[in-house]
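Nothing fancy with the numbering, it's 1 onward along the sequence. Remember, predicted model here, so these are calculated numbers, not experimental data. As the structure lists them, so they are numbered: ligands from 1, and atoms in each ligand from 1. Hydrogens, waters and symmetry mates are skipped; everything else that's a heavy atom, side chains included, is used.
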Amino acid sequence: MHVYNLLQKELSGKIIQNESLANHTTFKIGGEADYFFIAQNNDSLMKAVKIAHDLNLPFFILGGGSNLLVSDKGFRGLVIKVQSSKLKVQSDKIIADAGVSLSKLVDLSIKNELSGLEWAIGIPGTVGGAVRGNIGAFGKEIAQVVKNVKTLSISHNITIEQYSNTAIRFSYRDSIFKHNKDIILSVEFELKNGNKEKSRNVIQGYLLERKESQPLDCLGAGCIFKNPRDKSAGELIDSAGLKGKKIGNAQISEKHANFIINLGNARAEDVIRLIEIIQEKVLGEFGIKLEFEIELVGFE
Ligand code: EPU
């Protein structure tokens with residue numbers, strides 16, 4: 001049987017062929033995925049991973065698509081978009097499926113007078129992506145509030161595993177899940193008892209600060225590079241005189257130089273050329289090799 005038919009059979013006819021990934025990234029850039037499936041819950045996520053594994057079909061797990069640059073050629077294989085949505089509060093803990101949006105999580109924490117996620121206000125993406133990439137802002141990071149994580153672990157077999165905070169080996173924008181093949185299913189957060197009004201005030205401050213310093217109303221993928229130790233990538237790119245530089249319809253933001261923005265129909269190729277120019281110039285002028293914070297998909 002053809003791969004498409006096998007996938008359709010296992011996944012209740014919900015496979016889409018040749019889906020544009022530009023529709024699923026905040027950059028609005030990217031070619032087509034051969035096969036595309038939306039996993040509405042952890043059972044269907046597991047099913048999709050299992051069938052791809054059994055068929056030896058390359059697969060990619062997509063969350064909010066907010067930290068991604070997808071190649072113009074797209075992805076040869078199956079893209080599984082995680083839209084699992086279970087979310088519950090248990091005293092000072094919140095248990096969230098990987099597909100829950102970060103904004104929903106922050107919202108729920110504040111409504112329940114739980115504090116510890118205020119800094120994440122306005123950050124796009126899903127719980128799974130946020131934990132995998134240990135996202136952070138304003139000197140805080142998600143590692144500080146993660147108690148444990150349930151994953152699908154893939155080797156010869158597919159098993160369900162549980163990781164405690166220390167087992168996840170969080171570091172700056174990094175976790176064990178970037179290095180092993182585990183797929184995050186759900187996360188238990190441990191928060192502190194807080195106060196709605198106080199949290200809302202703190203959030204207002206963060207929102208203002210981000211609005212002033214980041215091009216939030218433009219299409220992009222957040223910061224392109226990680227900050228090198230004790231330095232700001234944005235400041236280095238700015239000092240190299242690269243703000244505003246354009247290739248095709250991709251531009252280094254005038255507002256914050258660690259952001260590349262899509263002015264409309266930019267190609268991944270344009271973004272890559274800007275990235276190369278930045279890396280070359282910053283290396284030449286400051287002797288610093290900037291490393292990616294975003295992830296690249298479909299470039300090999
Ligand atoms: N700066 C410049 N020019 C620029 C941009 C920044 O001179 O074009 C200077 C600023 O004036 C400031 C310093 O660089 O003195 C640091 O800038 P900022 O406060 O904007 O912080 P950042 O280090 O550039 C980090 C995170 C952001 C997060 C902000 C706010 C990384 C790579 N970036 O940015 O995270 O929102 O702090 O806390 O860690 C992301 O991860 O996608 C992201 C945007």
Side-chain angles (χ1 to χ4, degrees), residues 25-29 62-70 101-103 105-106 116-146 170-175 177-178 199 201-246 250-263 271 274-275 277-279 281-283 285-286 288-297:
T25 64
T26 54
F27 238 144
K28 296 281 174 254
I29 291 175
L62 175 69
S66 56
N67 199 36
L68 282 189
L69 179 64
V70 177
S101 73
L102 208 54
S103 61
L105 177 73
V106 175
L117 280 165
E118 292 85 348
W119 56 270
I121 192 71
I123 299 182
T126 58
V127 162
V131 171
R132 184 173 185 275
N134 188 18
I135 61 141
F138 306 108
K140 305 206 169 54
E141 53 186 25
I142 207 148
Q144 294 163 332
V145 288
V146 170
F170 282 117
S171 60
Y172 171 60
R173 297 293 192 272
D174 199 27
S175 77
F177 308 125
K178 277 194 170 178
S199 290
N201 282 337
V202 172
I203 278 176
Q204 279 316 314
Y206 286 147
L207 276 176
L208 258 180
E209 222 176 292
R210 292 191 65 227
K211 211 170 142 201
E212 265 165 30
S213 62
Q214 300 180 0
L216 301 180
D217 46 357
C218 301
L219 302 179
C223 286
I224 298 289
F225 299 102
K226 291 183 188 171
N227 281 341
R229 186 180 291 268
D230 302 327
K231 294 245 169 0
S232 156
E235 195 168 359
L236 291 170
I237 302 164
D238 191 355
S239 309
L242 289 170
K243 260 188 176 171
K245 181 157 186 64
K246 247 199 263 180
Q251 183 182 33
I252 299 174
S253 165
E254 301 266 12
K255 202 165 188 182
H256 193 301
N258 198 8
F259 284 66
I260 293 179
I261 56 179
N262 174 4
L263 299 171
V271 177
L274 278 179
I275 283 173
I277 291 168
I278 292 171
Q279 283 182 315
K281 194 115 195 264
V282 169
L283 185 64
E285 290 201 11
F286 309 105
I288 293 171
K289 185 173 183 302
L290 290 178
E291 286 174 14
F292 286 121
E293 178 180 317
I294 56 163
E295 294 196 39
L296 304 191
V297 179

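Applying the 6.0 Å contact sphere to NZ of K178 captures more than 12 heavy atoms from other residues, nucleotides or ligands.
For the pair E291 and R173, the salt-bridge criterion is not met [side-chain N within less than 4.0 Å of a carboxylate O].
For the atom pair CD1 of I237 and CG of L274, the computed distance is 10.5 Å after rounding to the nearest 0.5 Å.
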Using a 3.5 Å cut-off and no angle test, enumerate the donor-acceptor pairs between side-chain atoms of residues 216-236 and protein atoms at least two apart in sequence or in another chain.
| residue | atom | partner | partner atom | Å |
| --- | --- | --- | --- | --- |
| N227 | OD1 | A233 | N | 2.9 |
| S232 | OG | G234 | N | 3.3 |
| S232 | OG | E235 | N | 3.1 |

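Within the 3.5 Å criterion, the main-chain N or O of G133 finds no donor-acceptor partner in the side chain of D174.
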Inventory of protein N or O atoms under 3.5 Å from ligand 1 N or O:
| residue | atom | partner | partner atom | Å |
| --- | --- | --- | --- | --- |
| ligand 1 | 3 (N) | D238 | OD2 | 2.8 |
| ligand 1 | 8 (O) | K243 | NZ | 3.4 |
| ligand 1 | 8 (O) | A257 | N | 2.8 |
| ligand 1 | 14 (O) | S232 | OG | 3.2 |
| ligand 1 | 20 (O) | H256 | NE2 | 3.0 |
| ligand 1 | 23 (O) | N227 | ND2 | 2.7 |
| ligand 1 | 24 (O) | H256 | NE2 | 2.9 |
| ligand 1 | 35 (O) | R173 | NH2 | 3.3 |
| ligand 1 | 36 (O) | Q214 | NE2 | 2.9 |
| ligand 1 | 38 (O) | F138 | N | 2.6 |
| ligand 1 | 39 (O) | Y172 | OH | 2.7 |
| ligand 1 | 39 (O) | R173 | NH2 | 3.1 |
| ligand 1 | 41 (O) | R173 | NE | 3.4 |
| ligand 1 | 41 (O) | R173 | NH2 | 3.0 |
| ligand 1 | 41 (O) | E293 | OE1 | 3.1 |
| ligand 1 | 41 (O) | E293 | OE2 | 2.7 |
| ligand 1 | 42 (O) | C223 | N | 2.8 |
| ligand 1 | 42 (O) | E293 | OE2 | 3.2 |

TODO: Would you please test E295 and R132 for salt bridge (Lys or Arg N to Asp or Glu O under 4.0 Å) and show each step?
DONE: CA-CA 12 Å; E295 294 196 39; R132 184 173 185 275; 2.4 Å; yes
